[in-house]
Amino acid sequence: MKDINTVLEIAEIGEPIAFAVSGGLDSCTITRWLTDRGVKAICFTADLGQPDEKDISHIGDRIRKSGAYSHHFLHLQDHFAEAGLKLIQAQAFYEGGYWNITGIARHIIVKGILEAMTQHKLSILAHGSTGRGNDQIRFQVMAHMLNPEVKLYAPWRDPIYLDKFQGRAEMIDFCQAHGLPIRATKDTPYSTDANLLGITYEGGKLEDLKTPSDFVTPTMGVYPKNAPDKVERFVVRFEQGRPVAINENQVSLLDGFKLANQIGGRNGVGIGVHVVENRIVGLKSRGVYEQPGIDLLSKCYRFLLQLILDRASQKMFDQMASQLGENIYYGLGFDLPSQMGFRAIEPVTNLATGTITVDIYKGHVTFVSAEDVPHSIYTKETTSMENIGSFSHLDSEGLLRILSLSARAKAHSRLTS
């Protein structure tokens, strides 16, 4: 299936296109640029609980004022919460503890837009991802994985578009000249990408490694150094891997994430996470992240996993977690290996029931207690150093003799070599 390389090819086909928009500088610029060339841009915005939008309807206003043929919201918060839970259950973070908050979002966005395109009988999907980043690959790979017949168009790989826009400065000039309602300015120190699970900050002054991570003004909380000088207790009940109650109050998954964001954020958990990561295209990228809720819940979940995984299971789980974290980052969450990985951890998820209590203080999450964990393999009877249970110290004599055989054999071989 041949994709669309230039806006002229869209004009030749004469069909309206689906355009994935966030409502930012790129979205407004490209929407107006396409409209000026006679392209009907039917724009779609995924509602993923963006915390940087006080009123998400303003996105629709900005896009329509930029010339969109029509604009539609895709209400995907519940789907996105489920995707975020899968990250926690699989412990599928990427390099440096980045919780794949953007990578998993692209999976939900692409799937949602493709479903909407079927309803609107559209066959061309456009996106504003740049030619240097990860998202261009994610959009392309995921879209073709879910629908091999869909055509993709990326203005940032269109020579006609690039002839006019080389970067943010030219886009800002264009938008200001056309009176488009953008919030970005040439003095904007970095770019953002936000959703329910967190916010990504990159570009601008953050590209200079002399710029500290706390240069960013946080949206979802405060930096640990600015958090309250007191401990806040946090109690979460998991049932088969799902957080069903927080601080003894029943919560839906979506509300659970929102509440964890509030509690974690105000205590500096997951705020200002600095990562210099390896992009898919092979370049290094510096990002600063806010991810308070998923960071807090995942730490509690990890405490629970420590109680139910034996040594061999833990080793295999860690291997799958690492691979799944990388796959999500690469935009491969829909492929067979990823589905195999998620299915493989289901037996673990089914055992992950228990109540975990932690104390939160200035970004730190400290274990307090674990209760009602029916599948725990930790027992005081088998691990205590006191004289309880049926374990006898004498039982170790035979074990140590067997384990020493290999050590002695190796020592003798070295002495005679």
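Note that the structure is a prediction, hence the values are computed from the model and not measured.
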Taking the six-membered ring of Tyr329 (Phe, Tyr or Trp), confirm whether the NZ or CZ of Arg138 is under 6.0 Å from its centre and within 45° of its axis.
-> yes
If we ignore angles and hydrogens, is there a donor and acceptor under 3.5 Å between the side chains of [X] and [Y]?
X	Y	result
Ser252	Asp255	yes
Gln50	Asn195	no
His274	Arg286	yes
Thr353	His375	no
Asp3	Gln140	yes
Thr185	Asp187	no
Thr349	Gln240	no
Asp335	Gln339	no
Tyr69	Thr31	no
Lys284	Asn278	yes

Could you tell me whether [X] atom [atom1] has more than 12 heavy atoms of other residues or ligands within 6.0 Å of it?
X	atom1	answer
Arg132	CZ	no
Lys111	NZ	no
His79	NE2	no
Lys410	NZ	no
Tyr361	OH	yes

Side chain Asp52, main chain Ala194, donor-acceptor under 3.5 Å = no
Check: [X] ring centroid to [Y] ring centroid under 6.0 Å:
X	Y	answer
Tyr153	His127	no
Phe19	Phe44	no
Phe93	Tyr98	no
Phe73	His71	yes

Distance from [X] atom [atom1] to [Y] atom [atom2], nearest 0.5 Å?
X	Y	atom1	atom2	value
Leu309	Phe317	CG	CZ	6.5 Å
Ser338	Lys86	OG	NZ	9.0 Å
Ile113	Leu146	CD1	CG	12.0 Å
His364	Asp359	NE2	CG	13.0 Å
Ile356	Gln306	CD1	CD	9.0 Å
Tyr161	Gln166	OH	CD	10.0 Å

List the steps, then state whether side-chain contact (heavy atoms from CB on, under 4.5 Å) holds for Arg168 with Lys186.
-> CA-CA 8 Å; Arg168 290 173 58 85; Lys186 292 182 180 179; over 6 Å; no
Any side-chain heavy atom of Val150 sitting closer than 4.5 Å to one from Leu114?
-> yes
Looking at side-chain heavy atoms only, is the closest gap between Trp33 and Asp158 below 4.5 Å?
-> yes
Could you tell me whether [X] and [Y] make a salt bridge, using a distance below 4.0 angstrom between a side-chain N and a carboxylate O?
X	Y	result
Lys2	Glu9	yes
Lys40	Glu15	no
Asp193	Arg106	yes
Lys65	Asp61	no
Glu95	Arg279	no
Glu346	Arg343	yes

From CA spacing to verdict: side-chain contact (heavy atoms from CB on, under 4.5 Å), His72, Ile42 | CA-CA 8 Å; His72 308 271; Ile42 299 178; 3.7 Å; yes
Pair Phe165-Asp26, side-chain contact (heavy atoms from CB on, under 4.5 Å): steps then yes or no | CA-CA 10 Å; Phe165 303 104; Asp26 290 80; over 6 Å; no
Test log, rule side-chain contact (heavy atoms from CB on, under 4.5 Å), inputs Leu125 and Met117 = CA-CA 8 Å; Leu125 171 59; Met117 287 175 65; 3.9 Å; yes
